[in-house]
Amino acid sequence: MLPREFYSKDTVNVAKDLLGKRIIRKIRGVELSGIITETEAYKHKDDPASHAFTKITERNKVMFGEVGIAYVYFTYGMHYCFNIVAKHPKTAAGAVLIRGIEPERGIEMMQKNRKRITLENLTDGPAKLAQALEITKKQYGLDLTKKSDLYITEGIEKPKGIDAASRIGIRDAKDKLWNFKIKIRKEG
DNA sequence: CCCTAGATTTACT
DNA sequence: GTAAATCTAGGGC
């Protein structure tokens, strides 16, 4: 498990540091795992694209709480997205959106959950990986620094190149390059 | 490859 | 009422 302190620094730095880490998910006795390949940082008052920008609500309240906690939200009437609360101790709110993983173990169950065969389309988007790993509102508020059905551990050695880009699907604050990606497969 | 429409909860105007 | 931290199927090029 990654310790609580890992998440207790600037959200943008945590987003970068999470690349290459491993997500462990246990479903009905089967262990699924994957390496984080894409993340996005969402902050507080200085970030108009963040859910926590305006004020605390029933949905975003964990972003204002303890770090290392799962923030799962439902959007577009269809999809769940998985975030990890992370912020500097002096900041009120922040979280890192997990946008993509490279599947390791339990690929068969992910394919079953996704009703898709190809590896390329399995977990290459925030709502896709949430569906593949069966992450829903039930995981809202879960402590990811403790061993349970869902937690984060050390992963692979981080590749040298981190791609910084504008975040996806937002309208405001496109000037902030808080989308981070690594390539661990050849074709990328 | 590109584009478009539709799925329909939550939060804010 | 409308837009949103999205994805899919279907049609055209």
Side-chain angles (χ1 to χ4, degrees), chain A residues 7 10-19 21 23 25 34 36-65 67-87 91-103 107 109-142 144 150 152 162-182 187-188:
Chain A
Y7 305 100
D10 189 282
T11 309
V12 173
N13 290 328
V14 178
K16 289 184 204 167
D17 290 348
L18 274 170
L19 296 171
K21 303 297 189 224
I23 297 182
R25 172 78 172 121
I36 298 174
T37 56
E38 186 177 354
T39 62
E40 276 175 11
Y42 286 91
K43 302 225 269 188
H44 183 218
K45 289 289 188 209
D46 54 344
D47 184 6
S50 172
H51 285 166
F53 176 65
T54 316
K55 61 175 181 184
I56 187 166
T57 66
E58 189 60 27
R59 178 175 68 164
N60 69 22
K61 61 184 177 188
V62 292
M63 286 181 75
F64 292 80
V67 297
I69 300 292
Y71 169 43
V72 183
Y73 68 87
F74 192 68
T75 191
Y76 293 107
M78 299 264 304
H79 299 297
Y80 292 99
C81 295
F82 173 54
N83 303 245
I84 305 173
V85 178
K87 69 206 181 194
T91 313
V96 176
L97 170 67
I98 309 299
R99 285 196 62 87
I101 64 172
E102 180 68 25
I107 291 177
M109 186 175 281
M110 293 188 203
Q111 289 171 326
K112 215 163 143 192
N113 288 341
R114 294 267 303 124
K115 302 182 178 66
R116 284 243 162 305
I117 317 282
T118 62
L119 270 182
E120 294 76 49
N121 291 332
L122 200 54
T123 54
D124 64 338
K128 296 183 186 178
L129 72 90
Q131 191 181 14
L133 300 179
E134 289 188 30
I135 294 174
T136 69
K137 270 275 190 356
K138 283 176 194 154
Q139 279 71 45
Y140 185 95
L142 193 69
L144 301 170
L150 176 65
I152 314 290
I162 296 180
D163 233 12
S166 182
R167 290 169 293 177
I168 311 291
I170 59 169
R171 193 178 53 185
D172 300 319
K174 288 187 179 158
D175 57 315
K176 298 188 193 307
L177 303 183
W178 289 349
N179 170 286
F180 304 106
K181 246 188 286 195
I182 56 173
E187 51 98 24

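Because only heavy atoms are used, hydrogens play no part in the values below, and waters and symmetry mates are left out as well, while side chains stay in. Naming: A, B, ... by sequence-line order, numbering from 1 per chain. Predicted, not measured: the structure shown is a model, and the values here were computed from it.
- Of all nucleotides listed (B:dT9, C:dC7, C:dA5), B:dT9 comes nearest to the side chain of A:F74.
- Residue A:R99 has a polar side-chain atom (N or O) positioned under 4.0 Å from OP1 or OP2 of C:dT6.
- Using bins of under 30°, 30° to 60° and over 60° for the plane-to-plane angle, the ring pair A:F74/A:Y80 lands in the tilted bin.
- Using a 4.0 Å cut-off, some side-chain N or O of A:H51 falls inside it from OP1 or OP2 of C:dA5.
- Nucleotides C:dA3 and B:dA5 have their P atoms positioned 14 Å apart, rounded to a whole Å.
- At C:dT8, one or more side-chain N or O atoms of A:R114 fall inside 4.0 Å of OP1 or OP2 (strictly under the cut-off).
- Dashed line: the shortest gap from a side-chain N or O of A:K128 to OP1 or OP2 of C:dT8 is under 4.0 Å.
- As a whole-Å value, the separation of A:E40 CD from C:dT6 C1' is 12 Å.
- Both A:I168 and A:Q131 lie close to DNA chain C; mapped to their nearest nucleotides by heavy-atom distance, the more 5′-ward contact belongs to A:I168.
- Remark: A:R171 is in phosphate contact with C:dA4, judged by side-chain N or O atoms under 4.0 Å from OP1 or OP2.
- Between the side chain of A:Y73 and the base of C:dA5, at least one donor-acceptor pair of N or O atoms lies under 3.5 Å.
- Interatomic distance, A:R25 CZ to A:M110 CE, rounded to the nearest 0.5 Å: 11.0 Å.
- Heavy-atom distances under 4.0 Å link DNA chain C to no residue of residues 55-62 of chain A.
- In this entry the distance linking NE2 of A:H79 with P of C:dA3 reads 18 Å, nearest Å.
- Note that CG of A:N60 and NE2 of A:H44 are 8.5 Å apart. Values are rounded to the nearest 0.5 Å.
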Check your understanding: What pattern of brackets, bars and dots sums up DNA chain C from 5' to 3', given Watson-Crick or G-U wobble pairs under 3.5 Å, [ ] for crossing pairs and | for another strand?
Key -> ||||.|||||||.
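- Distance check: A:T136 OG1 to A:Q131 CD gives 11.5 Å after rounding to the nearest 0.5 Å.
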